[in-house]
> 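Before I ask anything, here is the structure I am working with.
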Amino acid sequence: MTDVTDVTETETGTDSGGAARSGRDLSSAKDMIVCEGVSKWYGDFQALEGVSATIKEQEVVVVLGPSGSGKSTWIRCINRLEEHQEGLIVVDGVELSNDLRNIEKVRSEVGMVFQQFNLFPHLKVRDNVSLAPIWVRKKPKAEAEEQAQALLELVGIPEQADKFPGQLSGGQQQRVAIARALAMEPKIMLFDEPTSALDPEMIKEVLDVMKNLALSGMTMMVVTHEMGFAKEVADRIIFMEEGQIVEVGTPEHFFTNPTEDRTKLFLSQILA
Amino acid sequence: MSEFAGAGAEIGSFYPMPRPDASPPVEEHLPPREWLKKNLFSNVFNSALTVAAGLLIIVMLRGLLGFIFNPLRQWNATAVNLRLLMTHAYPADQYLRVWFSVAAFLILTGLSIAVWRAGSRVPVPDVGKRVTALGVFVTLSALLAPFSGSARLSWLAVAVFLLASGLSVSRTSKDRSVSSLSLLVGVCGLAALSLWVIPYGHHSFVIDRTPKILAEPGTVDLTTKLPWTIMLLIAVAAYGVGLLLRDRIPAKVARTSLVLAWILTPILLLFLVLRDPDFDMGHVLSTDIPIFLVFAILGSALLLWLTNPETGEVGRIIAVTVLMLAFGSFLTPMRMVIRILMLLLAIFSLAGPTFSGDRRTRHNYVAIWTGTAVFVSWLITAINTPSTAPVPGQFFLGGFSMTLMVAFFTLLVSFPLGVMLALARTSNMPIFRLLATWFIEFVRGVPLITILIFFSVMVPLFLPDGMDLSEVAAVTIGYALFASAYLAENVRGGIQSVTRGQHEAAEAVGMTTSQKTVFIVLPQALRVAIPPLVGQVIGTFKETSLLIIIGLFDLLFVAKAIIPNQTAFMGSTRENLMVISLIYWVISYSMSKASMRIEKRVGLGEQ
């Protein structure tokens with residue numbers, strides 16, 4: 001796992017299609033997430049239909065699609081917040097099943113950032129970040145708090161450590177959520193529409209943190225509507241509609257020359 | 001110019017230029033006549049309502065005052081019997097113990113006020129307004145009460161004094177403020193001073209062959225004046241010590257130790273001071289201490305091992321084994337001490353893996369276990385030792401002290417039990433859920449009186465041989481079970497108010513279900529549940545008056561029962577009842593106020 005704290009710069013705006021990391025050969029990298037024929041039903045309604053994909057180490061995958069297409073459901077199945085009924089999900093070699101020990105192992109390697117932040121309101125920001133390392137990773141309190149402070153510096157808000165989440169702006173809260181997920185030193189980071197609940201002014205600060213994270217080599221799976229982010233940072237884009245994967249491709253392929261009709265329709269609506 | 005100048009030039013003239021901050025319009029202070037006209041007599045309906053309400057208030061006040069100041073009233077029935085009302089049959093020569101207990105509570109109160117910074121600053125004009133309001137009330141009462149001419153004039157003089165001082169104080173500037181604590185101490189000081197100065201009259205009740213009251217003019221008896229003055233001084237001194245300590249000790253340490261002191265002190269006072277157990281040192285040394293040492297040492301070793309993160313599944317298996325052994329011990333003939341200590345050890349063992357961590361965490365956990373073991377061993381030993389306070393009749397406490405004691409122990413037991421029931425009812429495991437639901441629904445369907453009678457009469461029949469439970473203890477346990485069911489529902493409401501996102505966030509970070517419950521769900525749930533929980537506390541405190549049904553001498557019973565036996569005070573039960581109603585109301589209102597304070601601190605209702 002790469003050391004996130006090395007990165008200090010932001011590569012803004014001038015790249016396209018992850019150009020900073022273009023030319024990387026990911027074909028020999030390890031398979032981090034393997035999904036084969038994953039299907040999920042909510043009662044009679046089928047939310048996921050035969051979803052198959054492989055995400056390699058250090059790869060950044062952006063999942064696009066209209067609402068109700070199953071993007072959030074799929075990403076939540078990967079850390080077992082939802083259960084899939086058919087198919088196979090293997091995360092870093094561990095198969096996701098009903099075995100509680102496997103689920104706990106997977107969850108400690110996979111960090112998740114939610115659309116609604118979901119910070120713990122009764123704890124200070126620093127305690128929000130250090131709670132899990134202390135009780136789940138069994139770190140000594142002083143070490144966990146030092147790590148928390150370092151992570152808060154990384155996401156750009158070291159001075160807010162003693163405040164409560166309710167006293168922070170939306171963008172700051174989401175950055176604390178990212179720091180909290182990073183505190184567990186995960187191998188994979190999942191983002192479920194991280195900027196959808198934010199004011200436009202604050203979206204950029206969160207996207208910058210995510211960009212930094214990607215450049216430092218984290219394996220990321222991002223569900224988002226931010227096309228700019230997808231163009232700049234993604235290695236691959238997966239387009240989903242009605243529970244099925246419709247098209248997969250690099251950003252250049254996807255935005256300039258998509259194959260499927262449904263993809264073209266979606267792009268015309270989004271980029272119109 | 002400001003940065004908006006450019007924008008304004010681009011967009012057009014309808015972009016407003018910012019003005020310097022205007023101050024809000026000053027609220028006009030209406031003169032009294034205008035205020036009355038606007039607020040009370042604004043239209044016909046309001047005027048009619050005002051007049052009707054005013055008449056109602058005057059009539060009720062007149063009736064109340066007529067009752068209070070009727071020459072037939074014997075308020076000294078209460079004054080004389082105050083000791084009976086407070087502690088009933090506690091032997092008078094041992095009364096120093098009671099004063100010691102009161103002093104202990106006042107010390108804790110003084111320290112707590114200092115450490116939690118419970119005082120606030122009151123603007124001086126507000127004080128003046130309150131005094132003015134009091135003056136108005138006294139005027140009204142003086143006019144309505146059935147006084148003699150001279151008494152009415154003297155009360156009116158008092159009223160005029162209050163009005164004048166109130167009005168003059170309320171005109172001082174708003175910037176000056178006084179601490180609410182100074183006001184409190186001032187008022188109490190004046191009250192204490194009045195005991196020494198104003199001739200309330202010296203009453204003593206002589207229990208002879210013909211009981212009679214000796215009423216002598218003069219100030220109150222020394223046995224009343226002196227202790228209360230000393231108590232006031234002790235409380236103030238404790239506050240001062242608290243001020244010193246709060247600067248020297250970190251806040252968290254001070255507050256945790258005070259909370260612990262509040263929980264332990266009533267128990268210690270009851271079983272060590274008031275009851276004065278006659279410890280048999282031989283027995284203690286040969287049996288009780290060795291049992292405690294075995295549990296403390298072996299238990300600590302076990303817990304150290306269980307909280308080590310490296311201990312895997314074996315730890316959980318061992319913990320469950322201990323639990324089975326504990327349950328088994330309840331079925332075999334064994335000392336109660338051993339059974340309870342085993343059960344506690346089982347609980348600590350099961351919770352061990354949740355709190356595992358580095359060395360300091362483990363040592364803290366073991367220290368908590370040792371402390372709990374010490375306390376429980378001592379408590380059970382003390383309970384089983386006979387008391388040396390010679391008391392005729394049932395129980396050595398009665399009256400107000402029994403009300404307080406039953407309320408305290410009920411709350412102490414029912415709160416943890418209620419929280420556990422709520423967690424069981426919302427858990428994923430069907431067996432816990434079913435058992436908890438059945439228990440709660442059963443208890444909620446049964447009246448409290450039924451439970452009290454059941455526990456006082458039937459429980460001694462159900463107990464295994466060798467266990468001896470006093471009636472008060474049995475009834476307290478019954479009451480605690482009853483209260484815990486209602487508490488469980490309140491806490492369950494709080495638990496269900498924690499959003500799904502919180503659960504998901506905790507799970508996503510890798511926390512186990514117990515860790516999630518303890519660190520994330522319960523703190524938020526309990527915050528939300530504070531209003532109904534405080535209501536529960538107030539209800540529990542007042543419902544202790546139902547102990548009258550089974551003949552235990554709580555405050556209400558004593559107030560009602562003592563008068564018929566005192567021929568000098570025939571027919572004066574109502575005075576007693578009025579005074580104890582006032583006592584109940586004062587305490588309940590203080591708890592409500594405290595709850596409002598707590599909610600404000602915890603930030604509830606502020607989105």
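In what follows, chains carry the letters A, B, and so on, assigned in the order in which the sequence lines appear, proteins first and then strands, with residues in each chain numbered from 1. Note that the structure is predicted; figures quoted are calculated from it, not measured.
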> Does atom NZ of Lys105(A) have more than 12 heavy-atom neighbours from other groups under 6.0 Å away?
no
> Side-chain contact, heavy-atom cut-off 4.5 Å: Glu205(A) with Met202(A)?
yes
> Only one of Met189(A), Lys187(A), Met210(A) clears side-chain contact (heavy atoms from CB on, under 4.5 Å) with Met218(A); which?
Met189(A)
> Is Arg76(A) in contact with chain B via its backbone, its side chain, both, or neither, using a 4.5 Å heavy-atom distance?
side chain
> Can you check whether anything in residues 39-46 of chain A gets within less than 4.5 Å of chain B, heavy-atom wise, and list it by number?
none
> Is any residue of residues 416-432 of chain B within less than 4.5 Å of chain A by heavy atoms, and which ones?
none
> Under the 3.5 angstrom rule, does the side chain of Arg255(B) hit a backbone N or O of Trp116(B) as a donor-acceptor pair?
no
> Please identify, among Ile134(A), Ile103(A), Leu119(A), the residue contributing the most non-hydrogen atom pairs under 4.5 Å to chain B.
Leu119(A)
> Counting only non-hydrogen atoms closer than 4.5 Å, does Phe120(A) touch chain B with its backbone (N, CA, C, O), its side chain (CB onward), both, or neither?
both
> Taking side chain as C-beta onward, heavy atoms only, is Phe191(A) less than 4.5 Å from Thr224(A)?
no
> Surrounding CZ of Arg360(B) (heavy atoms of other residues, nucleotides or ligands, distance under 6.0 Å), is the total greater than 12?
no
> Against chain B, label Ala181(A) side chain, backbone, both or neither, depending on which of its atoms sit under 4.5 Å from a heavy atom there.
neither
> Can you confirm whether more than 12 heavy atoms, excluding those of Arg316(B), are under 6.0 Å from its CZ atom?
no
> What part of Gln515(B) gets within 4.5 angstrom of chain A, counting heavy atoms only: side chain, backbone, both, or neither?
side chain
> Quick check on Val113(A) against chain B: is it the side chain, the backbone, both or neither that has a heavy atom closer than 4.5 Å?
neither
> Between Pro121(A), Ala132(A), Gly166(A), who has the most heavy-atom pairs with chain B when the cutoff is under 4.5 Å?
Pro121(A)
> Looking at Gln115(A) and Asp192(A), would you say the former's side chain and the latter's main chain have a donor-acceptor pair under 3.5 Å?
no
> Look only at the side chain of Gln167(A) and the backbone of Phe164(A), and say whether a donor-acceptor pair between them is shorter than 3.5 Å.
yes
> Which one of Glu109(A), Arg180(A), Gln116(A) has the most heavy-atom pairs closer than 4.5 Å to chain B?
Arg180(A)
> Is Lys139(A) salt-bridged to Glu185(A), cutoff N-O under 4.0 Å?
yes
> Would you name the heavy atoms of Glu226(A) and Leu207(A) that are closest together and state the gap between them?
OE1-CD1, 3.9 Å
> Could you tell me which portion of Glu104(A) (side chain, backbone, both or neither) has an atom closer than 4.5 angstrom to a non-hydrogen atom of chain B?
side chain
> Within a strict 4.5 Å, meaning less than it, do heavy atoms of the Ile157(A) and Val176(A) side chains meet?
yes
> Might you point out which heavy atoms bring Thr73(A) and Ala47(A) nearest each other, and give the distance in Å?
CG2-CB, 4.2 Å
> Donor-acceptor check, side chain of Gln174(A) to backbone of Phe114(A), threshold 3.5 angstrom: yes or no?
yes
> So for Leu190(A), is it side chain, backbone, both, or neither that comes closer than 4.5 Å to the heavy atoms of chain B?
neither
